[in-house]
Protein chains: 2
Amino acid sequence: MVFQSPILKAPVTSSDRLLLEIQRAIVEGEIAAGSKISEPELARRFNVSRAPLREALARLERCHLIERLPNVGARVVKLSVEGLISLYQLREELEGLACRLAAEHMPEQEIQELQALLEKHLQTQRVRDGESYYQEAGDLDFHYRIILGSKNDYLINILCDELYFLVRMYRVQLGMNGPRVSRAFDEHKAILNAIANRDGELADLLMRRHIGASRHNIELQLQLRETG
Amino acid sequence: MVFQSPILKAPVTSSDRLLLEIQRAIVEGEIAAGSKISEPELARRFNVSRAPLREALARLERCHLIERLPNVGARVVKLSVEGLISLYQLREELEGLACRLAAEHMPEQEIQELQALLEKHLQTQRVRDGESYYQEAGDLDFHYRIILGSKNDYLINILCDELYFLVRMYRVQLGMNGPRVSRAFDEHKAILNAIANRDGELADLLMRRHIGASRHNIELQLQLRETG
DNA sequence: ATAAATCAAAGTGTCGACAATTTGGCTTTC
DNA sequence: GAAAGCCAAATTGTCGACACTTTGATTTAT
C-alpha cells in the first residue's frame, strides 16, 4: 500500500503529475539524497519538455526536497542530524499549535471518525506486530487529520504541503521501525482523547512529547549511521 | 526609505527581479487585492516573456500573495479578518519559538548590534513622533534579526520568505499607525533584554504578547473598514 | 610542479509559437 | 423567461530553439 496524502488534489496538469512522481522518487531515495539534478536528463526520463519540469522543480524547492542556485541548478537535499533537529523543533511547535486549535475547532464527527480509524489500525495484524510501513502510513494519516482539524489554512499548508515530504523522507530513508511503533499508537490515543475532551493544552503537551520522542528515535539511528 | 529585507539575496536572474517588483506592487496595493492576474498583460508591462513571469508567479504563490488554479490562473489574495487571525496565530507561535532559540543561539555580538539598532531608532525623530512608515521598517528589521538569531533554517525560511510579505501587506494596506507604534518600541526592548539574559521562556512570552497586541490593533482597523 | 588563463561542452534562463482549456456571450430549447 | 448547449475569443500549459552562464579539462606561463 502506497501512502496517499489525504489532502491530495487530483493532478490535472502535466507538472502536477511530475511533482508527485519526483517527490516519490526523492522521498524513497530512488533519486539519491545530495545528488545533482539534471533538467535535460529528468525531462527525457519523464517524456516532457523542460517547462513543466521546471515548474515541478520550483514546487520541490518549496517543500525543501531540493535546493536551487541561480545559473547552477538543483540538488536533492542531504539528510543530517542538524536538519532533523531543526525540522522536528518546528514540528513540535506547529503540531502542538494544531492540537490546541483542533481541540477548539474540530467537529465532533471528525473526532469520531479519527477514533474509529485508530481502532481499525489497532485491529490490523501488521500494526500489532510492529510492521513499519503500514504504521508509517497510519501515523502520517493521524497527524494529517489533526492538522486539518486545526482549520488554520496557513498552518495546514506549511505542515502538509511544505514540511511533511521531508519528514517522510527522513523516516523512509532511515527506516522508522523498532519498539517505538507500538508505543506511538498509545500516544496517538492519548492525544486524541485530550482533543475529544476539548483540552487543548494537554493535547499540545502530549503532541510535543510524541514528536520529541520520535525525533529522538530517528536521531539515534542517524548518529549510528554516521559513526558506523 | 524603502524597506529592504536583510536576508535579501541580490537578484541575479530576470525572474528574481520580477519577483521583487511584483511583490512590492502587490504589498503596496498597486495591484489590487483580489484582482485577477493576466500573464500576457504582466509580461508586456515588465517587458519579459511569460517564462520568467510564471517562475515569479510560482514564488508569489509560495509567499501567499497570490492563489493559482490549474488552467484558470492567478488571483491576488484578499485580506480578511479570518486570514489575519490565522496568520498571526502562526506568527505568535513561530516567533515565540524564534525567541527561545535566539536566547540559546544568538551570539553576543548580534545581540549588541541589535541593542545599538534599537537605540538608534529611539533617537530618530520620526519614531518619537509616531510616524508609521519608518517604524514599519524598523519593526520588521527587529523581528527579522530575532528570527535570524534562531539559527533554524526552516524557521527562518518560513517566516522571512513565506509569511512576512503577507504580514507587510496587511500592515501597509491597513496603515499600521496610531498609539501602538511607540508602545511597540518598549516591547522590543523588553524582548531583547530577555534574550540578552538568555531567558528564552520570558522572551517567548513577551513576543507572543507583542504580536497578539499587534494583531488586535490591525483587527480593529479591519473590522472598522468592513463595517464602514 | 603549481597556478593562472583558455576554451569547448554541458546546463540553465529566456523567448516565441502552438496546443489545450476555460470563459462569456449567443443561440437554441423547454 | 430561464436553463442548457454551443461557439469564438482569450488565457493557460507545453514545446523546441536559442542565448548566456557555469564547469572542468587542457593549455600556458611563472
Side-chain angles (χ1 to χ4, degrees), chain A residues 8-26 30-78 157 161, chain B residues 8-26 30-78 157 161:
Chain A
L8 194 63
K9 297 157 191 74
V12 346
T13 173
S14 180
S15 75
D16 289 346
R17 192 175 42 79
L18 273 176
L19 176 66
L20 292 180
E21 296 205 41
I22 302 178
Q23 264 178 348
R24 187 200 53 74
I26 291 180
E30 194 175 304
I31 302 178
S35 64
K36 172 125 179 45
I37 285 184
S38 161
E39 293 183 7
E41 182 198 326
L42 265 192
R44 276 193 302 275
R45 170 168 167 185
F46 290 108
N47 274 319
V48 291
S49 82
R50 283 174 52 223
L53 174 63
R54 284 171 62 87
E55 195 112 351
L57 290 183
R59 296 204 250 169
L60 284 171
E61 187 181 20
R62 178 171 175 174
C63 51
H64 305 279
L65 291 184
I66 67 172
E67 287 166 352
R68 295 173 100 185
L69 288 177
N71 283 319
V72 173
R75 270 191 181 287
V76 179
V77 296
K78 283 183 192 152
N157 182 255
D161 296 342
Chain B
L8 194 64
K9 296 157 191 77
V12 346
T13 174
S14 180
S15 76
D16 289 346
R17 192 175 42 79
L18 272 176
L19 176 65
L20 292 179
E21 297 205 42
I22 303 178
Q23 263 177 349
R24 187 201 51 73
I26 290 179
E30 195 175 305
I31 302 177
S35 64
K36 171 128 179 43
I37 285 184
S38 160
E39 293 183 8
E41 182 198 325
L42 265 191
R44 276 194 302 275
R45 170 168 166 186
F46 290 108
N47 274 320
V48 291
S49 82
R50 283 174 50 223
L53 175 64
R54 283 171 64 86
E55 195 113 349
L57 290 183
R59 296 203 249 169
L60 285 171
E61 186 181 21
R62 177 171 175 174
C63 52
H64 305 279
L65 291 184
I66 68 172
E67 287 167 352
R68 295 173 98 186
L69 287 178
N71 284 319
V72 173
R75 272 193 178 286
V76 180
V77 296
K78 283 183 192 153
N157 180 256
D161 294 344

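Letters go in sequence order (proteins before strands), and every chain restarts at 1.
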Check: D16(B) and R59(B) side chains under 4.5 Å, non-hydrogen atoms = yes
S49(A) side chain near dG16(D) phosphate (N/O to OP1/OP2, under 4.0 Å) = no
Indicate every side-chain donor-acceptor pair of residues 62-76 of chain B with a distance under 3.5 Å to a residue at least two apart or in another chain.
from: R62(B); atom 1: NE; to: E162(B); atom 2: OE2; distance (Å): 3.4
from: R62(B); atom 1: NH2; to: N157(B); atom 2: OD1; distance (Å): 3.3
from: R75(B); atom 1: NH1; to: G34(B); atom 2: O; distance (Å): 2.8

Integer-rounded Å distance: dG16(D) C1' and R44(A) CZ = 14 Å
Separation of dC15(C) atom P from E55(B) atom CD, nearest Å, is 12 Å
What is the distance from CD of E41(B) to P of dA10(D), rounded to the nearest Å?
-> 14 Å
Round to a whole Å and report the spacing from CG of L57(A) to C1' of dG13(C).
-> 13 Å
Selected nucleotide, minimal atom distance to R54(B) side chain, candidates dC15(D), dT14(C), dG13(D) | dG13(D)
Nearest non-hydrogen partners of R45(B) and I31(B), listed with the distance | NH1-CG1, 4.1 Å
When the distance from CG of L53(A) to C1' of dG13(D) is rounded to whole Å, what number comes out?
-> 14 Å
OP1, OP2 of dT14(D) versus side-chain N and O of T13(A): anything below 4.0 Å?
-> yes
Compare the minimum distances between each of dT12(D), dG13(C), dC15(D) and the side chain of A51(A), then state the nucleotide with the smallest one.
-> dC15(D)
Whole-Å gap separating C1' (dT12(D)) and CG (L69(B)) = 12 Å
Determine the contact category for I37(B): base if any of its heavy atoms lies under 4.0 Å from a base atom, sugar-phosphate if only primed atoms, P, OP1 or OP2 are that close, otherwise nothing.
-> sugar-phosphate
Does a side-chain heavy-atom distance below 4.5 Å link Q23(A) with L20(A)?
-> yes
Mind calculating the distance between CG (L42(B)) and P (dA10(D)) to the nearest angstrom?
-> 18 Å
Considering only dC15(C), dT12(C), dT14(D), which nucleotide approaches the side chain of K36(A) most closely?
-> dT12(C)
Let me know the distance between CG of L18(B) and P of dT14(C), rounded to the nearest Å.
-> 8 Å
Is there a side-chain contact between T13(A) and E55(A) (heavy atoms, below 4.5 Å)?
-> no
Indicate yes or no: at least one non-hydrogen side-chain atom of V77(A) is less than 4.5 angstrom from one of I26(A).
-> no
Which atom names give the shortest non-hydrogen contact between S14(B) and V48(B), and what distance separates them?
-> OG-CG1, 3.8 Å
Identify the pairs formed between an N or O of the protein and an N or O of nucleotides 18-25 of chain C at a distance under 3.5 Å, and give each distance.
none

